[in-house]
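Notes follow once the structure below has been shown.
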Amino acid sequence: MICKLLLPLCLLLICFTASSQDAAFFKPDSIKKQINAIQITSFIKVDGVLNEAEWALAKPSPRFTQVEPYQGKSPSQETQIKALYNRQYLYFGIFCRDSLGRKAIRATDFKRDFSAMQHDLVTLTFDGFNDKRNAMAISTNAYGVQRDLLAFDDLYYDIDWDGLWKVRTTRTDSGWYAEIAIPWQTLRYRRTGDSLQSWGFNMYRIRRLTNEITAFSEYPRSVTAARMDYAGLLTNLQPPPPKPNVRVQPYFLTSYDHYKNFGPDVKASETNVKVGGDLKWAINSNSVLDLTTNTDFAQADADREVNNVTRFNVFFPERRQFFLENASLFGVGLNQSPDGTGGAMHIQPFFSRSIGLDTNGNPIPIDVGARFVSRSDKLNYGGILMRQRGVDGSPATNFFVGRVSENFGLQNRIGALVTIKNAPRGNNIVSTIDGFFRLADDQSINAMVIQSTNTNGGKKGMAGFAQYYYSNNNYRIWWTESVVTKNFDPQMGFVSRSDVVATTPGFLYYYRGKKLPFKKILRAWEPSIAPEFYHQASTGRLTERTLGVYPVWLNFLNGAYFGYGFVPTYEHLSDPFNPLGVLIPVGSYNYVQHQIFASTDPSKIINVQLLYNGGKYFNGRIHSADWIAQFAPIPHISITGHFNRNHFFNVGEAKTSTTIDLYSVEGRFALNPRIQLVAFYQKNSDDNSQNYNIRFAWEYKPLSYIYIVLNHTGFNNLLTTPQAEDHAIAKISYLKQL
C-alpha cells in the first residue's frame, strides 16, 4: 500500500520540477573573472590593518555575485579582495563591508576548522595546476580563526588538513578586514620557469546574519566553490620555482598513568618519557613524503560515546592529524552525503583507524611509518607503510596501502587501491577498482568493486557499489546499489553492514518559488523521499525495508530548520538483536516511526538542536531524542550540552521497559585562536561509564604547540567492578620549515 502511494508522489514531484525553468543552474563561463596580483619587493606586516602603501598598488576585485539566497543577484554587502606577492609569500587583503559593522559579526568559538554554519567567514580556493579538479581552500572568520581543507572533484575532502599560513583580522564600524600571508611552500603549482602564471581561483563570503553567500566567480548553489571549473583566475603570478623543502616537527612528551582495579598484571601507576616526531619533504610541486617515528596522538580529540539502536555499525571519524592529511586520496568509498542523501550504507576499503587503535579506540603504539603522495592533473598515486608495535593481546603488525588513480576526459577518474595487513597469523589483502564519471555538469556515477582475501584460512569475499546522482538547483535524484558478501573481511577498512544487498534510491526537491509563504523568514521547502531495501546476500531474503517520507523540511533564512518525516519499516531478524541490553528475538516486525528535526539559528548566543525518533519499535515502542544546546556569549567562551535518551516500552522478548541516558558537556575557553582550554565530560547510564578529557593547547608559533592533557575513563566491567584509568600528559612540539 505504501509503495502505491509513494510512486505517484515521486512522479508528481519529478513532473513538477521538470516543468519548471532551472535558470539558476548554469555551465561554467568561458570568460573568467580575474584578479591581478602585484609583485612587491618588501614584506607586509600581517596585522589585519591594510595600511601599507603596497596595498594601494593592487586594484580591488570585480564585484561579487550572490550564490545564496538569490542566485545571480547583486550582494547586499560589498566585498573587496586584493593580492600581492614577493619571493616568500602570497598576500591577500580582504575587506568585508557591512552596514551594521561589528554588530553584524557572528562567531561562536575559536576552534580551528570551525563550523561554517556558525561564523562569518571568507574562503579562498586555489587550483595551482589548472586541472579544474584539485582545490586547496583556506578560510578565516572575523576573529582570525583558521579553517583549511583539500578537495578533489568537489567529492572527496581532506577537511582536517592543516596548512602553514598566517592571518590576522580587525573589526570596525564599517565591516571587517582580513590580512593573509601564505608561504609559497604551502601552495602547490606548476614549474614554468620565469614565465607568468595564472591559477584557478575563487573566493566566497558568508554573512551569517542574513545567511548570504557571495562569490568572486559565481557557481551554482547545488555545488560548492571547490568545483574549480567554475573558478575565476588569479593572474600575473611569478612564484619562485617549486623546490624541495623540508618540514621537521619533533616532540617531547612526559606522562603519568594510573589504573584502578585492573588486576595484578597491570601496574597501578607508571611514568613515561617519549620522544619522536614527523618529517615532511615536499620533493617537488607534485610529490610529498611524510615520515613518522614513535608517533604520538596525545592531543587528538577524544571519541564521543554513542548509544546505537540501529542495525548499522557506528562509524567513528579519524581525529589523528597524521592520517587526516591526503585522506581524500586513500579514503575513497561509499558514504551518506552530509545532506542525508545517497543512502545509509557505508563501504570504505581503507579506514585509517584500523592502524594504531584497538576495537575500543584505545591507542596501540606505532613505531615508524611513511606516506608518499604524488598528485598531478593526469595521475595521482601514493602509498602508506606503518609498523604497529606488539602489545599484550596484539602482535606486532605491518600495514600497507597503495593507491593510484588516473584522470581523463570531462572530470572522469579510474583508480585502484590495495591494502595489506601483515600479522603473524597471516595476511589480510583487499584489492579495489573504482571509478568516477561525470556524465554532465549535474550528473555523475561513482562505482567500486572490492575483494578481500585472508591467507589464514583462505576465505574470500567481495563488496561493491554503483551510485548515480542527478543534482541541480531544483532537485537531487540518486540511486545506489551496493553489496557486501558474508565473507567480506576488510580488516583495514569499514563496512556498516555485512552479508547484504542494499538498494537505496531517493528524491529531494528544492522549492524557492513564488508560492513559498513567509518569504521574510523562510528560504526553502525541501521535501524528500528516501526508500531503502536490504536483502541478505547469502539467501536473498528481504531483511529490512524503510520507506522514509519527509513531506516537511523548512530551511529558514537565518540558518534554522524544521523537518518532519514518517518511516514505515519492516525488519526480519534471523538472529537475536540486542540494542543497549534489550533482547529482541528472531522474527519479522512491521512498525512505523516518526522523526522530527529542528534547529534554531546556529550562529546565535544560544542555539538548540533536536533530533527525535519515536513510535513503534519491533514489538514495542521507543522514544529516542537528542538535544544539543550551545551557549556562546562571546567567541572566547563556548559551552555545549548534549543529552541523548532512549526510552523503551515493552520491547523484546521480556517486554522490557527501560531508559538509557547519555549526556555530555563541553566547554571551550580561548584567550585567542592560539591559546585555548577545552574540557569535555560524558556519562552513560548503559554501563555507568564516566569520561572526561581536559586539554590545554598553546600554538606558540605556527603549527608548533604546547599541550597539557588530562584523561579519565571510568566504567563497570563484566563483573560490575568499578574500573578507572587516569592519564596526565605534557607535550611540546616544534615545527621548523627548512
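Numbering of residues begins at 1 and proceeds along the displayed sequence.
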Heavy atoms, side chains only, cut-off 4.5 Å: are [X] and [Y] in contact?
{"X": "Leu547", "Y": "Val567", "result": "no"}
{"X": "Arg387", "Y": "Val368", "result": "yes"}
{"X": "Val309", "Y": "Phe648", "result": "yes"}
{"X": "Asn427", "Y": "Asn454", "result": "no"}
{"X": "Asn691", "Y": "His712", "result": "no"}
{"X": "Phe315", "Y": "Ser496", "result": "no"}
{"X": "Tyr705", "Y": "Leu735", "result": "no"}
{"X": "Lys731", "Y": "Ile708", "result": "no"}

May I ask you to decide if [Y]'s main-chain N or O and [X]'s side chain share a donor-acceptor pair within less than 3.5 Å?
{"X": "Ser287", "Y": "Asn284", "answer": "no"}
{"X": "Glu481", "Y": "Pro505", "answer": "no"}
{"X": "Asn412", "Y": "Arg438", "answer": "yes"}
{"X": "Asn619", "Y": "Gly652", "answer": "yes"}
{"X": "Asn693", "Y": "Phe680", "answer": "no"}
{"X": "Ser376", "Y": "Leu379", "answer": "yes"}
{"X": "Asn487", "Y": "Lys459", "answer": "no"}
{"X": "Ser624", "Y": "Ile622", "answer": "no"}

Checklist entry - Do other residues, nucleotides or ligands put more than 12 heavy atoms under 6.0 Å from the CZ atom of Arg425? => result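 Open: at most 12 neighbouring heavy atoms sit under 6.0 Å from CZ of Arg425.
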Checklist entry - Heavy-atom count around Leu583 CG within 6.0 Å, excluding the residue itself: above 12? => result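 It does: Leu583 CG has more than 12 such atoms within range.
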Checklist entry - Passes side-chain hydrogen bond (donor to acceptor under 3.5 Å, both in side chains), Gln348 versus Asn335? Steps please. => result CA-CA 8 Å; Gln348 197 166 311; Asn335 195 8; 5.4 Å; no
Do we get [X] above [Y]'s six-membered ring, with its NZ or CZ under 6.0 Å from the centre and within 45° of the axis?
{"X": "Lys421", "Y": "Phe399", "answer": "no"}
{"X": "Arg695", "Y": "Tyr707", "answer": "no"}
{"X": "Arg353", "Y": "Phe494", "answer": "no"}

Verify whether one side chain among [X] and [Y] offers a donor that lies under 3.5 Å from an acceptor in the other.
{"X": "His572", "Y": "Ser588", "answer": "yes"}
{"X": "Asp339", "Y": "Thr341", "answer": "yes"}
{"X": "Asn307", "Y": "Asn684", "answer": "yes"}

Item to check | Verdict with supporting geometry, Met462 and Val483, side chain to side chain contact (heavy atoms under 4.5 Å, CB included) | outcome: CA-CA 8 Å; Met462 66 84 62; Val483 59; 4.1 Å; yes
Taking the basic N atoms (NZ, or NE/NH1/NH2) and the acidic carboxylate oxygens, is any pair closer than 4.0 Å for [X] and [Y]?
{"X": "Asp148", "Y": "Arg112", "result": "yes"}
{"X": "Glu666", "Y": "Arg304", "result": "yes"}
{"X": "Arg247", "Y": "Asp278", "result": "no"}
{"X": "Arg371", "Y": "Asp290", "result": "yes"}
{"X": "Arg311", "Y": "Glu571", "result": "yes"}
{"X": "Lys274", "Y": "Asp296", "result": "yes"}

Aromatic rings [X] and [Y]: how do their planes relate, parallel, tilted or perpendicular, breaks at 30° and 60°?
{"X": "His727", "Y": "Tyr259", "answer": "perpendicular"}
{"X": "Phe312", "Y": "Tyr534", "answer": "perpendicular"}
{"X": "Phe350", "Y": "Phe330", "answer": "perpendicular"}
{"X": "Tyr591", "Y": "Phe618", "answer": "tilted"}

Checklist entry - What do the steps show when you test Arg413 against Asp434 for salt bridge (charged side-chain N to carboxylate O under 4.0 Å, His left out), and what is the final call? => result CA-CA 8 Å; Arg413 184 196 74 247; Asp434 65 283; 3.3 Å; yes
Item to check | Matching residue for Val401 among Thr419, Val430, Ile420 - test: side-chain contact (heavy atoms from CB on, under 4.5 Å) | outcome: Thr419
Item to check | Aromatic ring proximity, centroids under 6.0 angstrom, Tyr617 and Tyr589 | outcome: no
